[in-house]
Student: 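Sharing a structure here in structure tokens format.
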Amino acid sequence: MDASGWDETGPDAAHARLIEDNLVLTCEAEHLYRDGGFAGDAALLDRLRGRVSRNTRVLGTVFPGFPAHSPPPPQLFGGTAAFREKLGAALAAPLPPGPPTLLCETRDVRLSGNALFLVEDGRPQVLFETYRPQERHVVPGPSPDFLQVDETVGEGEGLVFLLNSAGSFNYGHWLIDDLPRLRALDGLSAQHPRMPVTVALVSYFPHIDAARQRSIELILGSGRGVSIRFLDRSKTYHFARLHHATPCSLPSTGKSPHALRSLTGQVRARTRLRRGLFGLRALAGRGRRLFVDRHPGRGRGLANREAVLGLLRRLGFEPFDPELASVRQQAVRFASAETVVGIAGAGMANTVFCEPGTPILHLVPEGWEDPFYAELAALRGEGYRAVFGPRVAPGPGSAVPPDWPAHLHDFSVEPAELMAALAAADPARFSGARRAVPDPDAP
């Protein structure tokens, strides 16, 4: 595979080359990447500068761009010293600037393989911002039979706003990378105040589709006149006119602080009463310390869960599985939390709703280098805190099938390392609690 992300040796190499040779920018590079934030190298950007979608016009700015910044140093515990040193250096590296998020309207456009494209002289012109190189392992783009259309959506059906990204199938990425861009509907409704709007989502799995729909309903409330439609990801759709927003995050290198601020503000406004009622419960000291659990059937469970859970219970933590709660309940619980400890996974994306300064600690299998949660910590102005532990290979009776990828294998963390991390994160509450850790050498 070369630097542009296409496979030179696979059976579809010719088609991959066809797509690569006909990529177009959604709008002029000077409008979108004037201050940086291009998800590719300088040579690729130079090649694309003169290749811009002729069917797209920019209607407005949803979020401004954001500057480069240096994150606070991470606090890493457990695992090997070599791994912590390597990851710590990577997570402390400066983060690049990000581009603005723009509301766009594109005519005569198609959606296939989760990417938008035009057809010009029988060739697919894929919009680069929907097909970035770092995301092509989950965004296949148009197939070789891209000229075939399964369904056409005409202008007579009202306005259609497509809300999708490479990670829409994962609740964490949906929450951080997609849902904030729903703000684009404000600009769209202002320009077309009496037209009905349909939010189009690419369908994945029933449980994630339901969560995405509920999160949209939470943000929009009632009376907006907005409907939601799920699209079959195996089909090619043709839109006479489609509205969409460019990304509000960079692949693995940055999230928009403006987008996250907008999201948390909207969710807080919609959950004010629920948070107030939960606050009354919290006055009794209940529910303030969260242990974010993870269903074992999802993989990446704690092999020594009982030992870890026992320690956390003695410290006043309550287990909470976000998958068993509504979108609203998840936001309320995290917003009301005093301290959060959680297994790495989509549920921990809800930490964006925590109050500033809330200690947050991630439990992570050694070898996990995804910077997603470190980026969220940086947006909060805090260092990423994590306790690492060794993975456990699937065996007889394991909830994880042996053919699952390594990042979903179970793992364990040392209670002593967990306690040390808690003491470092919140000395006032936990520095004197190390006696809660049983001595393994005690009789």
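This one's a predicted model, so the numbers in the text were calculated from it and none came from an experiment. The residues of the chain are indexed from 1 along the displayed sequence.
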Student: I'd like to know if the side chain of Thr26 pairs up with that of Glu129 as donor and acceptor (distance under 3.5 Å, no hydrogens or angles considered).
Tutor: yes

Student: Step through it carefully: locate the ring centre of Phe372, locate the ring centre of His173, and say whether they are under 6.0 Å apart.
Tutor: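 Yes; His173 has its ring centre under 6.0 Å from that of Phe372.
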
Student: Could you tell me if the ring centre of Phe83 sits under 6.0 Å from that of Phe388?
Tutor: yes

Student: Is it the case that Arg110 and Thr236 place a side-chain donor and acceptor less than 3.5 Å from each other?
Tutor: no

Student: Which residue in the set Asn350, Leu290, Val340, Val292 passes side-chain contact (heavy atoms from CB on, under 4.5 Å) when paired with Arg333?
Tutor: Leu290

Student: I'd like to know if Asp178 pairs up with Arg212 as an ion pair, taking the criterion as any Lys NZ or Arg NE/NH1/NH2 lying under 4.0 Å from an Asp or Glu carboxylate oxygen.
Tutor: no

Student: Quick one: side chain to side chain donor-acceptor pair (under 3.5 Å) partners of Thr358, sequence neighbours excluded?
Tutor: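 In terms of side chain to side chain donor-acceptor pair (under 3.5 Å), with neighbours along the sequence ignored, Thr358 is linked to no residue.
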
Student: Which pairs count as side-chain hydrogen bond (donor to acceptor under 3.5 Å, both in side chains) when at least one residue sits in residues 116-127, sequence neighbours excluded?
Tutor: Asn22-Arg123, Arg54-Glu120

Student: What residues, two or more places apart in sequence or in another chain, satisfy salt bridge (charged side-chain N to carboxylate O under 4.0 Å, His left out) together with Glu369?
Tutor: Lys86

Student: Restricting to side chain to side chain donor-acceptor pair (under 3.5 Å), what partner residues turn up for Thr130, sequence neighbours left out?
Tutor: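 If we apply the side chain to side chain donor-acceptor pair (under 3.5 Å) test to Thr130, skipping adjacent residues, there are no hits.
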
Student: Determine, for Arg328 against Glu217, whether the closest basic-nitrogen to carboxylate-oxygen distance falls under 4.0 angstrom.
Tutor: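 Salt bridge: no.
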
Student: Glu355 and salt bridge (Lys or Arg N to Asp or Glu O under 4.0 Å): which single residue from Arg288, Arg380, Arg268 fits?
Tutor: Arg268

Student: So, taking the atom named CG in Leu102 and the one named CG in Leu59, what distance separates them when rounded to the nearest 0.5 Å?
Tutor: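 Spacing of CG (Leu102) from CG (Leu59) equals 10.0 Å.
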
Student: Can you sort out the partners of Arg34 under side chain to side chain donor-acceptor pair (under 3.5 Å), two or more places apart, ordered by chain and number?
Tutor: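 By the side chain to side chain donor-acceptor pair (under 3.5 Å) rule, Arg34 matches no residue at all.
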
Student: Restricting to pairs with a member in residues 225-246, which pass ring-ring contact (aromatic ring centres under 6.0 Å, His included), not counting sequence neighbours?
Tutor: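 Listed once each, the pairs would be none.
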
Student: Any pair with a residue in residues 166-177 that passes salt bridge (Lys or Arg N to Asp or Glu O under 4.0 Å), sequence neighbours left out, goes on the list, sorted by first then second residue, please.
Tutor: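 Every pair satisfying salt bridge (Lys or Arg N to Asp or Glu O under 4.0 Å) with a residue in residues 166-177: Asp177-Lys255.
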
Student: Would you call the rings of Phe128 and Phe38 parallel, tilted or perpendicular if under 30° counts as parallel and over 60° as perpendicular?
Tutor: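 It falls in the parallel class, under 30°.
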
Student: Taking the side chain from Arg181 and the backbone from Asn164, do they hold a donor-acceptor pair closer than 3.5 Å?
Tutor: yes

Student: Can you tell me which residue pairs pass the salt bridge (Lys or Arg N to Asp or Glu O under 4.0 Å) test with a partner in residues 55-70, sequence neighbours excluded?
Tutor: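 Of all non-adjacent pairs touching residues 55-70, those that pass salt bridge (Lys or Arg N to Asp or Glu O under 4.0 Å) are Arg57-Glu105.
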
Student: For Glu323, check side chain to side chain donor-acceptor pair (under 3.5 Å) against everything at least two apart and list the hits.
Tutor: Arg298

Student: Going by the salt bridge (Lys or Arg N to Asp or Glu O under 4.0 Å) test, which pairs reach into residues 230-239, not counting sequence neighbours?
Tutor: none

Student: Just to verify, what does Asp108 make a salt bridge (charged side-chain N to carboxylate O under 4.0 Å, His left out) with, not counting sequence neighbours?
Tutor: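 Not a single residue meets the salt bridge (charged side-chain N to carboxylate O under 4.0 Å, His left out) criterion with Asp108.
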
Student: Is the backbone N or O of Gly299 less than 3.5 Å from a side-chain atom of Arg294, with the two atoms forming a donor-acceptor pair by type?
Tutor: yes

Student: Is the Tyr384 ring parallel, tilted or perpendicular to the His362 ring (thresholds 30°, 60°)?
Tutor: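 Ring orientation, 0 to 90° scale: tilted.
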
Student: May I ask you to decide if Ser326's main-chain N or O and Gln329's side chain share a donor-acceptor pair within less than 3.5 Å?
Tutor: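 Such a contact is found between Gln329 side chain and Ser326 backbone.
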
Student: Under 3.5 Å, is there a donor-acceptor pair between the side chain of Asp145 and the main chain of Gln148?
Tutor: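 Checking the backbone N and O of Gln148 against the side chain of Asp145, no donor-acceptor pair under 3.5 Å is found.
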
Student: Testing Thr56, Leu127, Leu48, Thr246 for side-chain contact (heavy atoms from CB on, under 4.5 Å) with Leu25, which one passes?
Tutor: Leu48

Student: Do the side chains of Arg229 and Glu151 get close enough for a salt bridge, i.e. N-O under 4.0 angstrom?
Tutor: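 Between Glu151 and Arg229 there is a salt bridge, with a charged N closer than 4.0 Å to a carboxylate O.
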
Student: Could you list the donor-acceptor pairs under 3.5 angstrom formed between side-chain atoms of residues 195-206 and any protein atom two or more places apart in sequence or on another chain?
Tutor:
unit_1 : atom_1 : unit_2 : atom_2 : d
Thr198 : OG1    : Ser227 : OG     : 3.0
Ser203 : OG     : Asp209 : OD2    : 2.6
Tyr204 : OH     : Asn114 : ND2    : 3.2

